[in-house]
Amino acid sequence: MKFSVHTVAAALMLAHSEAFIPSSKSVANLASDASLSVQRGTSLLNLSFLDQLTNPFETKSDDADAVPRPPSTPPPVSNEPEALFSRARAILATDLGISDPSFLAEDFKWIGPGVVSTGKLSKEEYLAAGRFFNLRGSFPDLDYRAHDFRLDPDDPLTVRCTARTVGTMRGELRLRSETVPPNGVRMVCPPEAISLTFDKKTGKLAKLCSGFTMDRLVGNTGGLCGVMAAATVAGSPPSEWELYPPATVVTRFFARSVKQLKEPEKVFLAPFPETVMIQLTKGVLAAELGANDPDLL
């Protein structure tokens with residue numbers, strides 16, 4: 001008759017107790033297949049098939065150096081192009097560092113068109129402004145649609161990309177002087193130039209430039225990006241005195257207004273392949289933006 005491993009284990013536990021020391025005959029009958037031998041004088045029970053197993057929790061003195069240890073110094077930060085592009089995408093996924101400040105360096109600075117007094121915001125000021133306006137709360141489906149990631153040829157630590165931010169206003173938008181209720185309007189921002197400069201040693205974001213519109217006639221935000229674009233969609237657009245210097249405001253008042261281009265409702269296909277469009281663009285640039293060759297305009 002054969003017994004299970006659990007029965008043999010129970011016999012092993014009882015064999016070590018002083019109150020119960022089975023005879024060698026009874027133990028041999030219980031675990032004949034396990035080659036069990038009992039020494040009555042010392043109450044030592046040897047189980048041959050268990051003796052071959054090693055204790056995974058046992059630490060030997062001569063193997064102390066083999067225990068895995070964290071490195072004394074962190075591994076070097078990769079500044080290869082693909083690593084920088086991946087880091088840039090991760091920062092965009094955290095709403096440009098607002099929801100995860102660990103991406104930002106201690107001396108981080110933000111540069112945008114709306115900063116008039118100092119020209120930049122520190123890390124603390126940037127985070128405070130981002131959390132105050134909380135665009136993600138107002139536009140839960142906010143999507144930057146960033147593309148065209150590239151390295152600056154003169155600064156290999158700077159990643160530049162273009163964004164076409166969209167989102168639907170589903171929550172309240174808090175502005176400086178009021179809180180605007182949601183209206184369900186879909187925001188379509190114009191192309192926005194974004195620049196991210198990383199620290200060489202830590203790999204964290206040292207400088208962020210955003211909010212710079214590339215084509216004011218595109219979208220439904222009056223050519224604005226960021227908080228100002230959200231305020232425009234919410235029905236409380238900023239005045240021109242907040243956007244331009246006084247002389248420019250007066251000039252725009254007497255000048256002819258330019259209407260926004262209507263966003264296509266369906267998928268728009270370019271009239272030429274991408275390679276041809278790029279060559280045409282290079283031709284316009286080579287002709288001093290068309291000044292030397294008006295036929296290109």
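Other residues sharing the hydrophobic cluster of Val188, ordered by chain and number and joined by side-chain separations under 4.5 Å: Val166. Other members of a hydrophobic cluster containing Met214 are absent, since no ILVMFWY side chain comes under 4.5 Å of it, directly or through relayed contacts.
By the criterion of side-chain heavy atoms lying less than 4.5 angstrom apart, applied directly or through intervening Ile, Leu, Val, Met, Phe, Trp or Tyr residues, Phe212 is not grouped with Val218; the two fall into different hydrophobic clusters. Linking ILVMFWY side-chain heavy atoms closer than 4.5 Å, directly or via other members, places Phe133 and Val185 in a single hydrophobic cluster. Under a hydrophobic clustering in which Ile, Leu, Val, Met, Phe, Trp and Tyr are joined whenever their side-chain heavy atoms come within less than 4.5 Å, directly or via other members, Phe132 and Leu135 fall into the same cluster.
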Next on the checklist: Walk me through whether Glu106 and Lys123 qualify under side chain to side chain contact (heavy atoms under 4.5 Å, CB included).
Outcome noted: CA-CA 7 Å; Glu106 291 302 321; Lys123 179 179 180 179; 3.4 Å; yes
**OP:** List the steps, then state whether side chain to side chain contact (heavy atoms under 4.5 Å, CB included) holds for Arg136 with Ser99.
**Re:** CA-CA 10 Å; Arg136 177 63 63 180; Ser99 62; over 6 Å; no
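Not a single donor-acceptor pair under 3.5 Å links the side chain of Asp215 to the backbone N or O of Pro191. Using a distance-only test at 3.5 Å, with no hydrogens or angles considered, a donor-acceptor pair links the side chain of Thr213 to the main chain of Gly223. Without hydrogens or angle criteria, Asn134 side chain to Glu172 main chain gives no donor-acceptor distance under 3.5 Å. In this structure, the side chain of Ser86 does not engage the main chain of Glu82 through any donor-acceptor pair within 3.5 Å. The backbone N or O of Pro182 lies less than 3.5 Å from no partner atom in the side chain of Arg170, so there is not a single donor-acceptor pair. The backbone N or O of Arg145 sits nowhere less than 3.5 Å from a side-chain atom of Arg164 that would complete a donor-acceptor pair.
Applying the ring pair (Phe, Tyr, Trp, His ring centres under 6.0 Å) test to residues at least two apart or on different chains, the pairs with a partner in residues 90-109 are Phe108-Tyr126. Within the structure, the side-chain hydrogen bond (donor to acceptor under 3.5 Å, both in side chains) test picks out no pair touching residues 219-229 (sequence neighbours left out).
Evaluation of the side-chain hydrogen bond (donor to acceptor under 3.5 Å, both in side chains) rule for Ser122 yields Glu125 as partners, not counting sequence neighbours. Listed by chain and number, the residues in a side chain to side chain contact (heavy atoms under 4.5 Å, CB included) with Thr202 are Asp199, Lys204 (sequence neighbours excluded). For Pro153, there are no side chain to side chain contact (heavy atoms under 4.5 Å, CB included) partners, not counting sequence neighbours. Asp155 meets the side chain to side chain contact (heavy atoms under 4.5 Å, CB included) test with Asp152, Leu157, Thr158, Thr197; sequence neighbours excluded. The side-chain hydrogen bond (donor to acceptor under 3.5 Å, both in side chains) check on Asp154 picks up nothing, with sequence neighbours excluded. Judged as a side-chain hydrogen bond (donor to acceptor under 3.5 Å, both in side chains), and not counting sequence neighbours, the contacts of Tyr144 are Asp95. Among residues two or more places apart in sequence or in another chain, the side chain to side chain contact (heavy atoms under 4.5 Å, CB included) test is passed with Ile278 by Glu274, Lys282.
One distance of note links CG of Leu173 with CD of Glu178; it measures 8.5 Å at 0.5 Å rounding. Interatomic distance, Cys209 SG to Ile111 CD1, rounded to the nearest 0.5 Å: 4.5 Å. One distance of note links CZ of Arg160 with CG of Leu196; it measures 9.5 Å at 0.5 Å rounding. If you take CG on Asp143 and OG1 on Thr165, they are separated by 8.0 Å, rounding to the nearest 0.5 Å. Atom CG of Leu205 is separated from atom CZ of Phe198 by 5.5 Å, given to the nearest 0.5 angstrom. Atoms CD1 and CD1, on Ile91 and Ile98 in that order, are 11.5 Å from each other to the nearest 0.5 Å.
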Review item, side-chain donor-acceptor pairs of residues 287-297, under 3.5 Å, at least two apart:
from, atom 1, to, atom 2, distance (Å)
Asp293, OD1, Asp295, N, 3.4

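Between the side chains of Thr179 and Arg174, not a single donor N or O lies within less than 3.5 Å of an accepting N or O.
Considering all non-hydrogen atoms of both residues, Ala230 and Phe139 come closest at CB-CE1, 3.6 Å. Gly97 and Leu127 get closest at one heavy-atom pair: O-CD2, 3.8 Å. Across every non-hydrogen atom of His147 and Cys161, the tightest pair is O-CB, 3.5 Å. Closest approach of Glu192 and Cys225 over heavy atoms only: CB-SG, 3.8 Å. Across every non-hydrogen atom of Pro140 and Thr168, the tightest pair is CD-O, 3.7 Å.
Looking at heavy atoms from C-beta onward, Met169 lies in side-chain contact with Val180 at the 4.5 angstrom threshold. By the 4.5 Å heavy-atom criterion applied to side chains, Met187 and Leu142 are counted as neighbours. Looking only at side-chain heavy atoms (C-beta outward), Pro190 and Arg216 stay at 4.5 Å or farther from each other.
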